[in-house]
Asks: 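Structure provided below as structure tokens; questions to follow.
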Number of protein chains: 2
Amino acid sequence: MPRPRSLTEDRIADAALAVLDRDGTDGLKMRAVAAELGMGTMSLYRYVSGRERLEGLVVDRMLAAVDTGTGELERWTDRVLALAERVRWVVQAHPAAVPLLLGRRHSAPASLRWGEAVLEVLAEAGFGPRHRAFAFRAILGQVMGALQAEHFGPLIGEGTEALAALPRESHPYLAETAAAARGLTAEEEFRRCVGLLLEALDREAREDREGADGSRPGTRGR
Amino acid sequence: MPRPRSLTEDRIADAALAVLDRDGTDGLKMRAVAAELGMGTMSLYRYVSGRERLEGLVVDRMLAAVDTGTGELERWTDRVLALAERVRWVVQAHPAAVPLLLGRRHSAPASLRWGEAVLEVLAEAGFGPRHRAFAFRAILGQVMGALQAEHFGPLIGEGTEALAALPRESHPYLAETAAAARGLTAEEEFRRCVGLLLEALDREAREDREGADGSRPGTRGR
DNA sequence: TCACGTAGGAGTATCGCGTACGCCAACGAA
DNA sequence: TTCGTTGGCGTACGCGATACTCCTACGTGA
């Protein structure tokens, strides 16, 4: 047993996150991470097979920090909302990692854990397997879409000003809407977008449960 | 007026799309696009300032192909759904361009045109500026999220199998849900996810219009 | 028809990044 | 202490983006 390993994957992921926070998305380079860890570039390859793997570690590290316990909450919609918001918080802390998250979420173990937690809540709320699949996709889509929009999109933050300044002639609605959106925070937007979706799912589920009368056939999860 | 320009930005974007379709996301290189156009690498720089700009052209080209007319449809929800689906179709035709779309949508003029069309429908449906901003964000989030999930995510397509094969012990719900999702097409998923959101927005709008009684204050767009 | 000027086309070179290879040192066990 | 294994690292190569510069082709005005 000659010589213990001096680095863990978590330490590496933390270093990468530090680099991301400091130098931005484009600043994430193998050299930079190695320097952050105080070692030569190639030493890093003893622990990480390559850049792909490094990015995967970062994403997993972020998602692993998300607490998936929701025991304290009553309504299932509140539970899922909490799960969604916790993802958002973690992501908020490292905005430069958003592109990585969007692209590598599917291969992160912690992402599976989160998905499992959401599906568990859905199952307890009475969603059958098929309806659950659909609901999960909608939720995941809204969460990822909101994060994507929040970080790349223009409707919140400085982009709002740019849009509001558009010529009224070519883009009257965008200009007006952007102006009206000035006061909104991303936090509030996220909450309402996801919340609205969850309410809709809840209504659907209740209708399914109460009146199993087959009205609007084919619209629900069977 | 010596010598006309021999390339248009559209031709360049088309060439880039051809390269994307053939060589994938990572295959989009300045060299490749120049070769596709039958010229030397550096000649391309006469027309395009750099790679960033090239990617922007590609995104704009795709979105410009989206028809934004919805005169033939009655319900506002159907109009927005049609606009959303048309984006999806265009993207379907060039899957390798999805990462570009997600990252550069905000800076594409054609994206503004699309957004303007959506907002116009929302305005005609009776959404006030503030509520419209929120609805737009929700719709945009769901559309982009669905596209993102469809192309990176595992719940539809081959990924479904991988998830369904997960050990029941560690991820019982994911495994079961993925198995149940086997028959679903991405098309149907997209339609239902966006449709559900639109129905929810429609219900909200109707409640606002009919009973302007201020129940559940602060939940709606004011 | 011809000569001239502007803009296009392309070669070369540089820079930065990921990473394969191989050397040496450090640490643990015998 | 000595040997075997593993960690740390310097060097070097391949590749992609792009600045600089020269040569060429086309269109125009005479």
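Residue numbering restarts at 1 for every chain, and letters A, B, ... go by the order of the sequence lines.
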Asks: Using whole Å, what does the distance between atom C1' of nucleotide C/dC17 and atom CZ of B/Arg51 come to?
Replies: 14 Å

Asks: Return the value, rounded to whole Å, for the distance between atom CG of A/Asp23 and atom C1' of C/dC17.
Replies: 14 Å

Asks: CG of A/Leu7 versus C1' of D/dC9: gap in Å, rounded?
Replies: 14 Å

Asks: OH of B/Tyr45 versus P of D/dA17: gap in Å, rounded?
Replies: 6 Å

Asks: Please say whether more than 12 non-hydrogen atoms of neighbouring residues, nucleotides or ligands are located less than 6.0 Å from CZ in B/Arg22.
Replies: yes

Asks: Take atom CG of A/Leu44 and atom P of C/dA20, then tell me their distance rounded to the nearest Å.
Replies: 13 Å

Asks: Can you tell me which nucleotide in C/dG8, D/dT18, C/dG16 comes closest to the side chain of A/Lys29?
Replies: C/dG16

Asks: For B/Met39, which contact category applies under a 4.0 Å heavy-atom criterion: base, sugar-phosphate, or nothing?
Replies: sugar-phosphate

Asks: Take the protein atom CE of B/Met42 and the nucleotide atom P of C/dT12, then report the distance between them rounded to whole Å.
Replies: 13 Å

Asks: How many angstroms lie between atom CH2 of A/Trp76 and atom CG of A/Leu201, to the nearest 0.5 angstrom?
Replies: 5.0 Å

Asks: Please state whether the phosphate of D/dG8, meaning OP1 or OP2, lies under 4.0 angstrom from any side-chain nitrogen or oxygen of A/Ser6.
Replies: yes

Asks: Quick one: A/Met30 CE to C/dG16 C1', roughly how many Å, whole number?
Replies: 15 Å

Asks: Given D/dG8, C/dC17, D/dA19, which nucleotide is nearest the side-chain atoms of A/Ser43?
Replies: D/dG8

Asks: Does atom CD of A/Glu124 have more than 12 heavy-atom neighbours from other groups under 6.0 Å away?
Replies: yes

Asks: Let me know the distance between CZ of A/Arg53 and C1' of C/dT19, rounded to the nearest Å.
Replies: 17 Å

Asks: Between A/Asp26 and A/Ser49, which residue's closest nucleotide on DNA chain C lies nearer the 5′ terminus?
Replies: A/Asp26

Asks: With a 4.0 Å cut-off on heavy atoms, is B/Arg31 in touch with a base, just the backbone sugar-phosphate, or nothing at all?
Replies: base

Asks: Are OP1 or OP2 of D/dG8 and a side-chain N or O of A/Arg46 less than 4.0 angstrom apart?
Replies: no

Asks: Does B/Arg113 CZ have over 12 foreign heavy atoms under 6.0 Å away?
Replies: yes

Asks: Checking the side chain of B/Thr185 only, and the main-chain atoms of B/Glu188 only, is there a donor and an acceptor separated by less than 3.5 Å?
Replies: yes

